[in-house]
K.L.:
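Encoded as structure tokens, here's the structure I'll be asking about.
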Amino acid sequence: MSQNEIGNYVRTAEDVKKVIEHAKLSENDLKPNVQPIYFGEKFENYKLLQLDEHILADLKCGQTVVFKGDHKESAVLCTKTKTYDVKEAETSNSILLLPELTFPDEEFNNMELTSRKVVGIFHTYLEVKPCKPRLTKLRHLLKNCSYKGSELEKEVLATSEMYTFEHLSAKIQASDNELKDALKEMGAFQIDGNWRVLDFEYECRALSFLLNLIDEQSWPYNTIPMDETLNILGELLPPVILQHIIDQYSTWCVSSNLSQTHRSLIEDKVCRFMAVGLLRPCDKFNLTDFKTAWQGSVPEGMITNLKQLDGTVLVDQSSHPQTICYFNEQDLPDDILERIVHLFQVRNKWTFNEIQPFLEKLSTDKLNVNTLLAKYTRATTDADGVRFYCSRYSSIM
């Protein structure tokens, strides 16, 4: 046969029977629809994407699935609720793409041959694995357009880019639900449809107005009359900022008699913010002096506790005297290995309780903090029985 005849050759039912005979099979083993496979004239430029049950369920119900990442970022895949890391994986077998291939469970009345064309051959596919949203860029973008007060707002609007939720969704490697959660956790709010955060110094000033009013009026911090508060502070702060401060640092009273008229400060949030205000301006703080100053800075009745500062500070118990410094988990890299490297550059060994607040947000159902430590560190126990985690690799030191 000539090359042209080979290229145009089409299998017949007789050919199929001969193949069955050579394979020592019975015709009864054959499904009614036999599908001879041929290579098409050209291959389409497709990519194969792995789907887990969650992605598949979203696609079946009409949800959008989006790839996100600029040219400097590795790609992620986002559904409405989850973020997936995307990596190209190799397969040792060739994967053939046949768009119209039918399957054995599909019924056919008569024996028939149906030709199918291969439109692609693949040795790689895009593998997806659940990952944490990448939020460092979000904090950077919102910090650049932070609200610094009405007197500076015109300058900020003229020199900084503003972002609606749609703009942020397109830029940030996170699902929409995760992005909403991140904005809430950051204390972001909207002005004219754009998402903003408060400049730290301005937030200190705004919160101090509220705390000073509570002190001046001798109100218990857990029963603050809202009408009076709004009337007095409305002369000092723009309405949207005043409402934001109230929403961030207080909640409606639990008592049914006061639930619609009075609010209660959220103790942990207020204590945490006041601690940060004390620590940010200095390199280190004597721990005993800090505890005294910190307790004196919060409203009467509140009790400060170092547990309120998990993920925000480092306490050095080995120094004499003991010290404390500001060290915010949100400033660390989103990538787990980069974060581990940074943590062991700061300290060469950590106890579990010390390092756990800085890894917790990167943990998943399959990779909890203990698993991450087992993967990236080695554990040692000192003479006093204290367990420490050190860098597994000298290159991380």
Side-chain angles (χ1 to χ4, degrees), residues 52-70 73-86 128-147 156 160-200 203 206-207 239-252 263 266 268-269 272-273 310-312 328-336 339 357 359-365 367:
D52 70 4
E53 58 183 8
H54 301 291
I55 301 174
L56 185 59
D58 280 351
L59 289 173
K60 284 183 175 179
C61 68
Q63 295 290 339
T64 300
V65 176
V66 182
F67 286 99
K68 294 185 179 181
D70 63 28
E73 299 170 327
S74 58
V76 299
L77 180 72
C78 294
T79 65
K80 185 177 180 181
T81 60
K82 292 188 174 184
T83 301
Y84 295 83
D85 193 24
V86 180
V128 295
K129 292 182 180 180
C131 67
K132 290 293 185 178
R134 299 170 183 174
L135 302 172
T136 300
K137 183 191 287 187
L138 175 64
R139 290 185 280 271
H140 176 72
L141 293 179
L142 295 187
K143 183 179 180 180
N144 287 343
C145 63
S146 59
Y147 184 87
V156 172
S160 303
E161 187 173 355
M162 298 293 150
Y163 302 96
T164 64
F165 184 84
E166 290 70 24
H167 292 148
L168 292 174
S169 179
K171 288 179 173 289
I172 305 303
Q173 293 183 298
S175 70
D176 282 356
N177 283 11
E178 290 168 327
L179 179 56
K180 290 174 184 176
D181 290 342
L183 289 169
K184 182 178 180 181
E185 184 179 350
M186 290 175 59
F189 62 103
Q190 287 181 287
I191 299 180
D192 297 329
N194 296 312
W195 283 92
R196 312 282 295 278
V197 292
L198 293 179
D199 174 75
F200 184 79
E203 189 169 0
L207 181 58
V240 65
I241 304 301
L242 175 55
Q243 191 59 56
H244 174 65
I245 289 294
I246 290 172
D247 290 341
Q248 277 290 102
Y249 293 100
S250 72
T251 185
W252 289 108
R263 292 180 73 100
I266 302 171
D268 286 351
K269 272 195 170 183
R272 185 184 184 96
F273 187 84
D310 277 355
T312 308
N328 195 343
E329 180 272 336
Q330 292 187 353
D331 297 330
L332 299 176
D334 288 333
D335 179 80
I336 180 61
R339 180 169 295 203
L359 297 179
E360 183 66 35
K361 290 184 179 178
L362 295 187
S363 65
T364 64
D365 293 339
L367 289 175

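No hydrogens, no waters, no symmetry mates; every other heavy atom, side chains included, goes into these values.
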K.L.:
Would D52 and Y84 count as a side-chain contact (heavy atoms from CB on, under 4.5 Å) if you check the C-alpha gap in whole Å, the side-chain angles of each, and the deciding distance to 0.1 Å?
P.N.:
CA-CA 10 Å; D52 70 4; Y84 295 83; 3.0 Å; yes

K.L.:
Under the side-chain hydrogen bond (donor to acceptor under 3.5 Å, both in side chains) test, which residues partner D335, sequence neighbours left out?
P.N.:
none

K.L.:
If you compare all heavy atoms of I266 against all heavy atoms of T251, which two are closest, and at what distance to 0.1 Å?
P.N.:
CG1-N, 4.3 Å

K.L.:
Are the side chains of I172 and L141 in contact, using a 4.5 Å heavy-atom criterion?
P.N.:
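Side-chain contact under 4.5 Å: yes.
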
K.L.:
Run the side-chain contact (heavy atoms from CB on, under 4.5 Å) test on L77 and F67 for me, step by step, so that the C-alpha distance in whole Å, both residues' side-chain angles and the decisive distance to 0.1 Å come before the verdict.
P.N.:
CA-CA 4 Å; L77 180 72; F67 286 99; 3.9 Å; yes

K.L.:
For L135, does its backbone N or O pair with a side-chain atom of D334 as donor and acceptor, under 3.5 Å?
P.N.:
yes

K.L.:
Return yes if some donor-acceptor pair links the side-chain N/O of K82 with the main-chain N/O of P130 below 3.5 Å, else return no.
P.N.:
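Between the backbone of P130 and the side chain of K82 there is no qualifying donor-acceptor contact (under 3.5 Å).
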
K.L.:
Scan for salt bridge (Lys or Arg N to Asp or Glu O under 4.0 Å) pairs involving residues 162-188, sequence neighbours excluded, and state none if there are none.
P.N.:
E185-K361

K.L.:
Report yes if some heavy atom in the side chain of V156 is under 4.5 Å from a heavy atom in the side chain of M162; otherwise report no.
P.N.:
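Side chain of V156 against side chain of M162, heavy atoms only: contact under 4.5 Å found.
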
K.L.:
How many angstroms lie between atom CG of N194 and atom CG of L168, to the nearest 0.5 angstrom?
P.N.:
9.0 Å

K.L.:
Evaluate the side-chain proximity of D70 to K137: yes if any heavy-atom separation is below 4.5 Å, no if none is.
P.N.:
yes

K.L.:
Which pair of non-hydrogen atoms, one from I191 and one from R196, has the smallest distance, and what is that distance?
P.N.:
CD1-NH1, 4.1 Å

K.L.:
Mind listing the closest non-hydrogen atom pair of I246 and S250 along with its distance?
P.N.:
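What the structure gives for the nearest pair is O-OG, 2.5 Å.
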
K.L.:
Between A188 and H244, what is the shortest heavy-atom contact and its length?
P.N.:
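Here A188 and H244 meet closest at O-CE1, 4.2 Å.
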
K.L.:
How close do T81 and N177 get, heavy atom to heavy atom, and via which atoms?
P.N.:
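Heavy-atom minimum between the residues: CG2-ND2, 3.2 Å.
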
K.L.:
Using only heavy-atom distances, determine whether the side chains of S74 and R134 contain a donor-acceptor pair under 3.5 Å.
P.N.:
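Yes, a side-chain donor-acceptor pair sits under 3.5 Å.
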
K.L.:
From L198 CG over to L142 CG, what is the distance, rounded to the nearest 0.5 angstrom?
P.N.:
11.5 Å

K.L.:
Atom CG of D58 and atom CD of Q63: how far apart are they, to the nearest 0.5 Å?
P.N.:
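D58 CG to Q63 CD: 5.5 Å, rounded to 0.5 Å.
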
K.L.:
Once you round to the nearest 0.5 Å, how far does OG1 of T136 lie from CD of Q173?
P.N.:
10.5 Å

K.L.:
Does CG in D331 sit with more than 12 non-hydrogen atoms of other residues, nucleotides or ligands closer than 6.0 Å?
P.N.:
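Counting neighbours around CG of D331, more than 12 heavy atoms of other residues, nucleotides or ligands fall under 6.0 Å, so yes.
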
K.L.:
Kindly indicate whether the side chain of L138, heavy atoms from C-beta on, has any atom under 4.5 Å from the side chain of L183.
P.N.:
yes

K.L.:
Is it the case that the side chain of S160 and the backbone of N144 share a donor-acceptor pair, with hydrogens and angles ignored and the cut-off at 3.5 Å?
P.N.:
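Such a contact is found between S160 side chain and N144 backbone.
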
K.L.:
Atom CZ of R272 and atom OH of Y249: how far apart are they, to the nearest 0.5 Å?
P.N.:
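OH of Y249 is found 10.0 Å from CZ of R272.
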
K.L.:
Is a side-chain donor or acceptor of K68 paired with a backbone partner of S169 at a separation under 3.5 angstrom?
P.N.:
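Checked: pair present.
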
K.L.:
As a quick check of understanding, evaluate side-chain contact (heavy atoms from CB on, under 4.5 Å) for L367 and L362, giving each step before the final call.
P.N.:
CA-CA 9 Å; L367 289 175; L362 295 187; over 6 Å; no

K.L.:
Does any non-hydrogen side-chain atom of F273 lie less than 4.5 Å from one of E203?
P.N.:
yes

K.L.:
Do P133 and L179 touch side chain to side chain, with heavy atoms closer than 4.5 Å?
P.N.:
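With C-beta onward as the side chain, the pair stays apart.
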
K.L.:
So which heavy atom on K132 is nearest to which on T83, and how close?
P.N.:
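Closest heavy-atom pair between K132 and T83: O-CG2, 4.5 Å.
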
K.L.:
Please report the interatomic distance CD1(I241) to OH(Y147), rounded to the nearest 0.5 Å.
P.N.:
4.5 Å

